[in-house]
Amino acid sequence: MKPEDQESTNVATLDPGPDKIIGPGHDYGTVTDEISGVVLRPFLKTPPQMFIGFAIAFILVNLLMVAVTWLFVRGVGVWGITMPVAWGFAIVNFVWWIGIGHAGTLISAILLLLKQDWRTSINRFAEAMTLFAVACAGMFPVLHLGRPWLAYWLLPYPNTMWLWPQPRSPLIWDVFAVSTYATVSIIFWFTGLIPDLATMRDKAGNATTRKIFGVLALGWRGSAKHWARYQKAYLLLAGLSTPLVISVHSVVSFDFAVAILPGWHTTIFPPYFVAGAIYSGFAMVLTLAIPVRRWYHLEDLITMRHIECMSKVMLGTGLIVAYGYAMEAFMAWYSGGQFERYAFVNRMWEGGYWWTYWILILCNIAIPQLLWSRRVRMSIPAVFVIALIVNVGMWLERFVIVVTSLTRDFVPSSWGTYYPTIWDWSTYLGTIGVFLCLMFLFIRGLPAISIFEMREVVHHNAESEHAHRD
Amino acid sequence: MAQLFPRSSNSLAKIIIAAVVLTGGGVLWAAYTLNAGSFTTGVDVAVDQSIPFSHKHHVADDGIDCRYCHTSVETSSFAGLPPTETCMSCHSQIWANAPMLEPVRESFRSGKSLEWVRVHDLPDFVYFNHSIHVNKGIGCSTCHGRVYTMPLTYKTNTLYMRWCVECHRNPEKHVRPRDQVFNPTYETPAPNQSEIGPRLVAQYKIQSLTDCVTCHR
Amino acid sequence: MLTATKNPGQHPRVYGLMAEFDAPEPLLEAARRAREEGYRNMDAYTPMPIEGLAEAIGFQTNWVQRLVFVAGVLGGTGGFMLCWWMSVVAYPHIVAGRPLNSWPAYVPTTFESMVLVACLTAVIGMLALNGLPQHYHPVFNVPQFARASRDRFFLCIESTDPKFSFEETRAFLEQLQPRGVMEVEP
Amino acid sequence: MTKDSPQYWRSLEELAQTEEFRAFVEDEFPNRTPDWNDPTSRRRFLTLMGASIALAGASACTVQPKEMIVPYVRQPEEFIPGRPLFYATSVSTAGIATGLLVESHEGRPTKIEGNPLHPSSLGATDATMQASVLTLYDPDRSQTVTRNGNISGWGSFITALTEARDAAGLKQGAGFRLLTGTVTSPTLAAQIQDFLAGFPAAKWHRYEPCGRHSVRAGAVAAFGQPFNTIYRFDRAAVIVSLDADFLGPSMPGNLRYVRDYSDRRRAAAENATSPPPRLYVAEGTPSITGGMAEHKFRMRTSEVEAFAASLAQELQSPSSESSPDVRALAQDLSAHRGAAIVVAGDHQPSNVHVIAHAINQMLGNTGKTVVYTDPVEAGPIDEVASLTELVNDMRSGEVETLLMLGGNPVYDAPADLNFLQELKKVKTRAHLGLYSNETAAWCHWHIPEAHYLEAWSDARAYDGSASIVQPLIAPLYGGKTPHELMNALTNQADRSSHDTVRDFWRTQHPAQDFDEFWQISLHDGLIAGTTFIEKIPPAVRPAALSVARVTGLEIVFRPDPSVGDGSLSNNAWLQEMPKPQNKMTWDNAVWISPTSAQKYGVTTGDVIEIAFEGRKVDGPVWILPGHADESLTVHFGYGRTRAGKVANAIGFSAYALRTTAAIWHGSGAAFTRKSSGYPFATTQHTQTMEERDPFRAATFDEYHQNPEFANPEDKHVSPETTLFPMWGYEAHKWGMSIDLTACIGCQACTIACQSENNIPVVGKAEVAKGRHMNWLRVDRYYEGSLDDPQVSYQPVPCMHCENALCELVCPVAATVHSAEGLNEMVYNRCVGTRYCSNNCPYKVRRFNFFLYADWDTQSLFGARNPDVSVRSRGVMEKCSYCVQRINTAKIESEKQDRPLADGEIVTACQQVCPAQAIVFGDLNDPNSRVSKLKRQQRNYGLLEELNSRPRTTYLARLRNPNPELEKG
């Protein structure tokens, strides 16, 4: 490090409060140093919480390994699924994870188009979250197959049977949607990283680190022409990702909406799934951002402003979701369809799982209303707890849709029930482990906040102050 | 700052990118050719049998009809493999004590069956019926190739579903007159295939069945 | 540097001359001035995108969006054709009493393939047009350039510029009050 | 349902607002312990017993493993490899024969079918017969002669037997005893007579645990001699069943009875001219017959006698004080003199039979709807007395040698005889049996018996027709037949049973043309002209009516609905067959009525200790609507200890409570609740139709007023509902019609399907999770009052919808439509997303959650149908309309260049159905049976309102209740 870095790094990391998106006294250098410092600090300077957190996550990963091995040895029967409930936790988790992923793309794409300056200090982080969530989600459609070793049959490729996928099936739409989503998220995330990788390259202490970052940075040198193309490409990615992110969860919702099963067969699903996805996504961003900013003293970069904005988005999307529930129930009653009506009677009090529905209403609709109060939005612990609750609620929502609807459909004689087994739980917890592991590694190994965009923020602040002065 | 990488790294980077793309494609191509090759399909690979039975000798030289040994080909799904009796009906007179035929005599004495390795072995979830194909004017050689030229028998077609479907879709390309079905030297498509094909399809009421349950149940 | 040796009569030793600035505004100013002076082959290096800088150094057309549009169209058509071909040509099946070409069901696939191809083109196109990866570049020879990715702003007039002359250009750069003017080793 | 539909109740507890109700609403499916991959699962064993040919591979595009072809050395003449052969034979249940046609592939019997030429079958079979092919290959069958449990040989047994016989011979055979079941085999009877002729002091005892003891006694009491009664339901307009389950498997001739009865019902429904026969049933334990009744009089089993008496009374002298039921019944009967039948139940005491005979004579039914013949069995005697005598003699040490031809008295003799204890006193004990069972364990000698598919023999059908039993395969385990043992006793040990049977019939048919006669008999499976001629019995002697008021809790003993008397318990198909009454598998239970259950404070799943006549047995309770109050029903066939890997230690043994005095029921039982939460494995949890109407029915009159009752407006879907054009199916258009008027819910179709399609068995733990695999299930719904509900049965196979919802969602096109409109399920393409099942509104798809098919047990491969793939783990499967049969028929017709005839393709379920309720055929042929049926106004499709356009449709049920009783 050079001397001027030395003095510049000790800018007080104070939370500037709810109307600022960056702490006082920051210039191009200090933001750079503070963010890169998180990565470049010596290994042992890593906050202990990181080690503990990683350890726990890693144990869960091993649990997943065991669960999956057993699953492959014995067959999907080790799960609680049965007839008529042929889809269980696997699909619930799949939808849940995909949903969580959506916040990342939303923040980086939609908020970019909407020119929301507060997105900058969380978008990188949220995009990473998207990636890892999609990775977790992606596992389930394969794991849940009766014959997972034939999963590649869902891809169109010329084969000795001259057979092809059946493109009318929503599952094929899923294949295209999810793989596209994963690919786009990766390149979007990496594109965003390139200039910062260059920064890391130039700031890294030892030679190997420099070389590694150097290779990844592709030789970025911040040329004005490059920036011009770069920004254009980034804007286009954002523009394409926006409809993509909406399409992905719509397609996921088609898995249900296209089916005739009462409780699935609902036209309102696409919008309300997308809203739900963003809802849960923001909840997850908060769940992760709040501890991290604390551990790494990033309060001056992830400020109360960010927390509050995200709380507001949660509140908003939460209300859309609430409307979704209401409409679902209303249409069931209004349509007068016998089966449709019963599906909701069953969901709400007749069936064995009525309680899940009410807990979900509590988690997703009742409690988040607290966010109307500014005091609650201003209280970190409150927001954190509410975020956690919403995560649970959104998981339950998918459980209610997938499982409860399946337990009782058309012909009473074949109504059944579903009990998750220990292997269902292990697989679910395991993926949470995978998610956290990757998250911890990312935070430690790559700039978790977009440095160059923070420099822009500094620049704009400077300009606006300039404007104020005269 | 000092350069992190030598000048060459630029060209190196481009080379690597090219290499990755090429190998990717190469691997795919290799996979496909391998899968189509005789290693996996077994096409043109002579199969070792306990007795080096030669169709060439029996069909080409002796002119024995297919049905002499494969008796049930016209009546049953299974073409049938000759019982030891059938072999002995001739070989009790000719080559009566050729050492090569000892297993046959042994089996006849002991009553213990001869064991042959299947050459044309369909997966067990495929239900193929010889009789209907033969009755509809699909000849032996259409699928089994020039058996009369084979000292040791091997298959000349992959028997992949793709191959079956090709004929099930266009039977007119492979049908032959019923009287030619057991003619080992008859080749399809015949020179006048385009003319006789459609006629025979109509005459024999051949349907092009591509339903799954035609073969899978 | 090959580019340097291509034009004889130019100063062969250097890739160009580089001026270092503290803030974007002076750099922007400098770029405009340089252009007015008639310099064409120059480039500016900044730790973040600066509005108007590219134009200032005379960067006009941006091909990225054109590429992406074409790619998107191709991707979309490809996606739909794939579905249509699979279910109408390759192996027609009667599925759920639907006609072979039940196009409404192909819309999601069509859209997704459109996005996929377009996005890949956007990034790969951008990198290609930028000539990346390019791990070696003369500008890295300048020691101060390490801060181009932190908090310093650079303007580099390349020796390939017809108007480039070591002394005059240096003099010209000096008068823009940069933090300093450095030679860029080829 | 229609407006005037009866009240519904979703669960027993709901009506009785008890505490259990809470628990029940929370979890409708009680006693399901969440378990992870149950290590104790019986499936381990089941893989030994379950289904299916281990050939069909799973994934595609792999290098094929080397496979051998092994041709014959000398090929049999008639035999063409790859083509099945059919042989006529017959199977005996409790001694009474039913004719069969058995399909054989490469010399191994694979599928049982009924013999259309045989009077007691007419092509039909029941579930037990269907499953008997699995017993043939059961690896648990006894496989060698044992002496004191050690492997021995046939030869040394002959020596031992002859010694014993000769020892007895010195005393005219005294001390030598023979124990058999009911014997109808003319040959065996003759052999035994020969033997007894030589050894006059030797004795022949007979005991059939679920034999027709009281029927015999009743006939003797009524006529002085044991006449055999045959009912002609094809001639009956009014039927009164006095606890007679003549449609159920326990009554000889039931298949024929079902056919005659349902023929009339179908005829009535199809031409809608004369009303269908009206059935009244008085019973305590719900039976299949009770389910078909227009009017069911629910009463304790022991009260039937009194009911019968009062009916007889009312018929003689109508009086105003007899109950309205009886009066209406009497009126109806007298209105149909000569066209009515009163059937007394096999399990009712002799008095009831006497009364029934009397009424039938009184009404002039005798000779018309009720005919009498000589007894079917050889030398009919009171078997209970016969066994008692044997036991007494054993006690007094008179028995030196006991030779048991089949049977399992140690397990199934009445408990008060202490059979085992006395058996130990016998010097030489020998047992011939399919299994080395509880009895064999206590015998010095055990000889493996030849399964009927391995044996030569003969037997008489319910009407006396002598039927040939001929083997389809050489004994797998060197089994012997009773004939061979009898030969051994008469010093002809080397005489084969084939010669024995053949020679016996030569004596019966000494003509020149015997060989021809014999060939014909073998081909037809029965011997022409042996059907008994009708006899005119003397006037009935009035019964000594001893109608003592029954007091205390009643206990009723019945053969189990699926495994019968227990001799076939080790058959996994039967174990996993849902019992018609309560859809329970893998267990027997104590049935009790809801009211009594509440009174005694027990609920389904409670384990109770029943005490009767000083003996105690623990069993789990099952609350069964329609059961008589103050009465418990327990079933035989469970609680086996040496049945085999499948049946050992499941359920409890009801024989342990049975006494000679209370052979079918007795009063004075008591019970105490011991524990609760016994996990049952049932295949149907919801008992009612939940305001939906999958099952549609009307009375005959309603049908006349509103012929469209089965197709109400709100179910109607116009073709314009969809924008898509319909597919035309030119060549063929397969479809199925199921007549709910005929269906009796016997489950034979389920097992036939299992046998035909290599359907695996999954075991109790998996069934409890809802993972049973039956392609064709029979739904059972209750309507009306909780105590005495109307029961409806509905077989549900795949509907082969034209707009198949399952196909739309399959990502790999593993389920698509064929050009003939079959909903194809391609196992080898399936990757197992299970989406199709989620989207199937009928839930007829079954999934291999584990590797259910048995790939290990060689002996079971023999039972499998080589024309159907065996499904591997992780693939979906379902009814295929027996596409293998369709293809075979099509190929044959194509080869002969002729069109397919209607009825040429018969699905397994259609073939087996005794009621002929299932009809399959081509809908493009306007004259095909199925097209005609589908043109009926009663025809409706399940969930048609979803526009799934099911190819399987139902004919609504017609009932013919008595208006008199309807009012009341």
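Residue numbers start from 1 in every chain, and the chains themselves are labelled A, B, ... in the order their sequence lines are given, proteins ahead of strands.
Proximity of a side-chain donor or acceptor of D:E106 to a complementary backbone N or O of D:G82 within less than 3.5 Å is detected. In this structure, the side chain of B:R105 engages the main chain of B:A96 through a donor-acceptor pair within 3.5 Å. Using a distance-only test at 3.5 Å, with no hydrogens or angles considered, no donor-acceptor pair links the side chain of D:S755 to the main chain of D:A752.
At a 4.5 Å heavy-atom cutoff, the contact between B:K112 and chain D is made by backbone atoms alone. Residue contact with chain D, scored on non-hydrogen atoms closer than 4.5 Å, involves the backbone of B:E74 exclusively. Both the backbone and the side chain of D:S818 come within contact range of chain B, each with at least one heavy atom under 4.5 Å from a heavy atom of that chain. Using a 4.5 Å cut-off between heavy atoms, D:V816 touches chain B through its side chain atoms alone. No part of B:T210 comes within reach of chain D, as not one of its non-hydrogen atoms sits under 4.5 angstrom from that chain. Interface remark: B:D211 contributes backbone and side-chain atoms alike to the contact with chain D (heavy atom separation under 4.5 Å).
Neither side chain, D:N924 nor D:H732, offers a donor N or O lying under 3.5 Å from an acceptor on the other. In this structure, a donor-acceptor pair under 3.5 Å is present between the side chains of B:T142 and B:R176. Side-chain contact check for D:R83 and B:S72: no donor-acceptor pair (N or O, by modelled atom type) lies under 3.5 Å. No side-chain N or O of D:S872 forms a donor-acceptor pair with one of D:N848 less than 3.5 Å apart.
In this structure, B:F128 and B:H133 have parallel ring planes: the angle between them is below the 30° cut-off, well short of the 60° mark. Between B:F53 and B:W116, the two ring planes are perpendicular [angle over 60°; tilted spans 30° to 60°].
Of all the listed residues (D:Q884, D:E820, D:K890), the one sharing the greatest number of non-hydrogen pairs under 4.5 Å with chain B is D:Q884. Among the candidates D:T888, D:N887, D:D897, D:V826, the residue making the largest number of heavy-atom pairs closer than 4.5 Å to chain B is D:N887. For the set B:T84, B:T214, B:N135, B:L81, the entry with the most heavy-atom pairs within less than 4.5 Å of chain D is B:T84. Options B:K205, B:M88, B:H216, B:Q207 differ in how many heavy-atom pairs under 4.5 Å they form with chain D, and the most are formed by B:H216.
Close approach to chain B, defined as a heavy atom under 4.5 Å from one of its heavy atoms, is seen in no residue of residues 804-813 of chain D.
Atoms OG and CD, from B:S141 and B:Q180 in turn, are 9.5 Å apart once rounded to the nearest 0.5 Å.
A cation-pi geometry, defined here as NZ or CZ lying under 6.0 Å from the six-membered ring centre and within 45° of its normal, holds between D:R951 and D:Y729.
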